[in-house]
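Encoded as structure tokens, the structure appears first; notes follow it.
Treat the numbers as computed from the prediction; the structure is a model and nothing was measured.
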Protein chains: 2
Amino acid sequence: MPRPRRPLLTRDRIVETALALIDADGLGALSTRRLAAALGVQGPSLYNHFATKDEILDAVADTVTVAVDTSGFASRDWLTALRDWAWSYRRALTAHPNIVPYLAQGPGRRPAALAMADAVYGGLVRAGWPPARATHIGAALRYFVAGSALGSFARGFVEDPELYAAHYPHLRQAHRLAEHQQSVDEGAFALGLDALLHGLAAEYTRTVETVESARPNG
Amino acid sequence: MPRPRRPLLTRDRIVETALALIDADGLGALSTRRLAAALGVQGPSLYNHFATKDEILDAVADTVTVAVDTSGFASRDWLTALRDWAWSYRRALTAHPNIVPYLAQGPGRRPAALAMADAVYGGLVRAGWPPARATHIGAALRYFVAGSALGSFARGFVEDPELYAAHYPHLRQAHRLAEHQQSVDEGAFALGLDALLHGLAAEYTRTVETVESARPNG
DNA sequence: CTCATAAACTAGCGGTGTAAGTTTTCATTC
DNA sequence: GAATGAAAACTTACACCGCTAGTTTATGAG
């Protein structure tokens, strides 16, 4: 088949199909040939639209990231904005858990990921956090969200309770984790996020507000 | 070469060499043939000692995990034990960052990872945390540590500052992150961990101590 | 009308994990 | 001590992988 009258592929169609395949079968199951087959095309044809497979994965990862809402940093206090962002971030990642290991390696050249980092950092600085602290806070929350979406604590355990009973006395009930996977993961996230934000709020009053009130214009 | 008089391979030698290769060249660069070559052997010979490549990676991941110190849960208060464990956990992972993406997917059948989960959970329950809360706390800390070791926030950005300057105004200084990578990552971890633990301590006095003092034997 | 570019193709390279079968040595049992 | 079966190396080979090169034809710009 030579060049068709109307293109069979577009970047959007490729990204969309790739995400669907990753969601369905996992990151490891996505090969250029399988992806091409799902698009009704031969493998190398993809390289007319993307230079490498990693470029495809970058595009997939970025479409996942565009769903993250950072609007709170423009309209709410920093603590509320941080909480809303963290939950939105988590929802976006857990909607496509199989791409998370790839995505978690950093924003790199992905526009949506960079825009998100920019919004968070800018919002925190505007709220009075020193730049270095703003960087740390953004990073710490990203650690937490990425880790929570990546590991699915509950799913990480194995189904056979007998495997654990003998050697790990406290994990007797570990197999029950699978049953309540979602509630365990979400509960752990909620608890951890609340604790983190609680600690940050205390730090804020301790450093930022104190410093500002000590200045003449504070 | 038929069966040699003394075995050329042992599980330990395979795991050790695999970890060295992963540390040096990354997870993606570890193939059975390259590993075998480094051991002076042909690829398929590995399958006399491990059933699959994943089994090798499990063993590698477990040797990384054995370095994590959970002894604090036996001798210190829960808050100190949690802090010491988290730092030790982080040190173990950042010593071998390339294996983290694999390791972060859960303890599965790896004994050291399971023993660690067991110690943490047991320590928290012994300190008075309700079992469900102990699970959540262990998971939350694991999220945070794994996320921090995985993402190296600083390394995730790209070296070219011009790429950012135009579109992401607040990331102007982002390229500087690479210079201070270690201090940024460690600072973010320290800040986040302190905040998390601060929040957990508050939660502890609010729930556990209150409940205990309300009981006749409290 | 010309012609460079775009978008599909086919063929193929070097690499991957691993299955199958071979050979020889080691360890155990009669 | 001979027989036997498992162990540990080997070679060969399969199906798949990402990607390159070169071919063909349709499109769109001058």
Side-chain angles (χ1 to χ4, degrees), chain A residues 1-61 98-99 101-103 105 108-110, chain B residues 1-61 98-99 101-103 105 108-110:
Chain A
M1 186 195 303
R3 174 171 189 181
R5 279 143 202 288
R6 289 208 43 217
L8 304 177
L9 299 177
T10 64
R11 285 176 68 100
D12 281 354
R13 231 165 70 72
I14 293 171
V15 169
E16 198 178 299
T17 307
L19 180 56
L21 283 181
I22 290 170
D23 283 345
D25 305 324
L27 194 56
L30 185 82
S31 74
T32 55
R33 285 169 174 81
R34 285 210 342 130
L35 173 56
L39 289 159
V41 124
Q42 298 296 320
S45 299
L46 298 170
Y47 290 88
N48 288 313
H49 302 266
F50 290 94
T52 64
K53 186 191 178 185
D54 265 10
E55 234 180 55
I56 299 177
L57 289 174
D58 273 340
V60 171
N98 292 339
I99 189 72
Y102 184 85
L103 183 145
Q105 309 201 151
R109 319 186 107 90
R110 290 182 282 112
Chain B
M1 186 197 301
R3 174 172 189 181
R5 280 144 202 289
R6 290 209 42 219
L8 305 177
L9 300 177
T10 64
R11 286 178 66 101
D12 281 353
R13 231 165 69 74
I14 293 171
V15 168
E16 198 178 301
T17 308
L19 180 56
L21 284 182
I22 290 170
D23 283 345
D25 304 325
L27 193 56
L30 185 82
S31 75
T32 55
R33 283 169 175 81
R34 287 208 343 129
L35 173 56
L39 289 159
V41 124
Q42 298 296 320
S45 298
L46 298 170
Y47 290 87
N48 288 312
H49 302 266
F50 290 94
T52 64
K53 186 191 178 184
D54 264 10
E55 234 180 54
I56 300 178
L57 289 174
D58 273 341
V60 171
N98 293 339
I99 189 72
Y102 184 85
L103 182 146
Q105 310 200 152
R109 319 186 105 91
R110 290 182 281 113

Checklist line | Heavy-atom check, side chain of A:Asn48 versus side chain of A:Leu9, under 4.5 Å | finding: no
Note to self: Can you identify which nucleotide, out of D:dC19, C:dG17, C:dA8, has its nearest atom closest to the A:Lys53 side chain?
What the structure shows: D:dC19
Item checked: Contact check, side chains of B:Val15 and B:Phe50, non-hydrogen atoms, under 4.5 Å -> yes
Notebook entry, point to check: Between B:His49 and B:Thr10, is any pair of side-chain heavy atoms under 4.5 Å apart?
Noted result: no
Notebook entry, point to check: At under 4.0 Å between heavy atoms, what does B:Thr32 touch on the DNA or RNA strands: base, sugar-phosphate, or nothing?
Noted result: base
Next item on the list: Looking only at side-chain atoms of B:Val41, point me to the closest of C:dG17, D:dA9, C:dA8.
Entry: D:dA9
Next item on the list: Using atom CD1 of A:Ile14 as one end and atom P of C:dA6 as the other, report the distance to the nearest whole Å.
Entry: 15 Å
Next item on the list: With heavy atoms under 4.0 Å as the rule, sort A:Leu39 into base, sugar-phosphate or nothing.
Entry: nothing
Note to self: What is the distance, to the nearest angstrom, from the CD atom on A:Gln42 to the C1' atom on C:dA7?
What the structure shows: 13 Å
Item checked: Separation of atom CZ in A:Arg11 from atom P in C:dA6, rounded to whole Å -> 14 Å
Notebook entry, point to check: Of all the nucleotides listed (C:dT18, C:dA11, C:dA8), which has the minimum atom distance to the side chain of A:Ser45?
Noted result: C:dA8
Next item on the list: Grab the OH-P distance between B:Tyr47 and D:dT12 for me, whole Å please.
Entry: 19 Å
Checklist line | Spacing between B:Leu46 atom CG and C:dA19 atom P, to the nearest angstrom | finding: 13 Å
Item checked: Side-chain donor/acceptor contact of A:Asn48 with base of C:dA8 under 3.5 Å -> yes
Check: Can you tell which of C:dG12, C:dT16, D:dA9 lies closest to the side chain of A:Arg33?
Finding: C:dG12
Note to self: Using the side-chain heavy atoms of B:His49, tell me which of these nucleotides is nearest: D:dC19, D:dA8, D:dT11.
What the structure shows: D:dA8
Check: Which part of the nucleic acid, if any, lies within contact of B:Leu30, taking any heavy atom under 4.0 Å across all strands shown: a base, the sugar-phosphate backbone alone, or nothing?
Finding: sugar-phosphate
Note to self: Rounding to an integer number of Å, can you tell me how far B:Phe50 CZ sits from D:dA8 C1'?
What the structure shows: 14 Å
Check: Rounded to the Å, how far apart are A:Leu9 CG and D:dT27 P?
Finding: 16 Å
Notebook entry, point to check: Any side-chain heavy atom of A:Val60 within less than 4.5 Å of one from A:Leu103?
Noted result: no
Next item on the list: Measure from the side-chain heavy atoms of B:Ser31 and tell me the nearest of C:dG17, D:dT20, C:dA8.
Entry: C:dG17
Notebook entry, point to check: Within a strict 4.5 Å, meaning less than it, do heavy atoms of the A:Arg34 and A:Asp25 side chains meet?
Noted result: yes
Margin query: Here's a test of your reading of the structure: between B:Pro44 and B:Arg34, which maps to the more 5' nucleotide of DNA chain C?
Written below: B:Arg34
Next item on the list: Could you check how far CG of A:Leu8 sits from C1' of D:dT25, rounded to whole Å?
Entry: 13 Å
